[in-house]
Amino acid sequence: MLRFLFNWRSQVDKIIEISKIVDPKERFNVIEEDPEDNVIIDCAVEGKIDYIITKDKHLLNLNEFRGIKIVTPSDFVRICGDYPHIFSSS
């Protein structure tokens, strides 16, 4: 269990290392069922990201927004399996 937690923390550290804070200039209103979810879209567009990784069904129902793929964590793990360099050490 300790080894699992160490490896998990290492991956989180890598995500934090490549993350950036954004201040969205554009606001979207694409999720009417849960308007608070729109901030995720706002930040994703501003940050020019490739993926939103979520379990939120309102976001997942979009599938994609402005070229940003919206996937579950398990789908993203599968995608990473196809592209192992995503989390490899530099």
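The model shown is predicted, which means the values in this text are computed figures rather than measured ones.
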Result block: side-chain N/O donor-acceptor pairs under 3.5 angstrom for residues 32-48, not counting sequence neighbours:
unit_1: D37; atom_1: OD2; unit_2: H58; atom_2: ND1; d: 3.4
unit_1: N38; atom_1: OD1; unit_2: V30; atom_2: N; d: 3.0
unit_1: N38; atom_1: OD1; unit_2: I31; atom_2: N; d: 2.9
unit_1: N38; atom_1: ND2; unit_2: N29; atom_2: OD1; d: 3.4
unit_1: N38; atom_1: ND2; unit_2: I31; atom_2: O; d: 3.3
unit_1: N38; atom_1: ND2; unit_2: P35; atom_2: O; d: 3.0
unit_1: D42; atom_1: OD1; unit_2: F28; atom_2: N; d: 2.9
unit_1: E46; atom_1: OE1; unit_2: K25; atom_2: N; d: 3.2

Listed by chain and number, what are the side-chain hydrogen bond (donor to acceptor under 3.5 Å, both in side chains) partners of S19, not counting sequence neighbours?
none
Name all residues meeting the side-chain hydrogen bond (donor to acceptor under 3.5 Å, both in side chains) criterion together with N61; count only those two or more places apart in sequence or in a different chain, and write none if there are none.
none
Following the transitive rule for hydrophobic clusters with a side-chain heavy-atom cut-off under 4.5 Å over Ile, Leu, Val, Met, Phe, Trp and Tyr, establish whether [X] and [Y] coincide in one cluster.
X: F65; Y: I49; result: yes
X: I53; Y: L59; result: no
X: V22; Y: I68; result: no
X: L62; Y: I52; result: yes

Residues that D23 engages under salt bridge (Lys or Arg N to Asp or Glu O under 4.0 Å), provided they are two or more places apart
none
Salt bridge (charged side-chain N to carboxylate O under 4.0 Å, His left out): which pairs involve residues 60-76, sequence neighbours left out?
E26-R66, D75-R78
One should read off an interatomic distance between N63 CG and I70 CD1, to the nearest 0.5 angstrom, of 7.5 Å
Output for pair (T72 OG1, D56 CG), nearest 0.5 Å, gives 12.5 Å
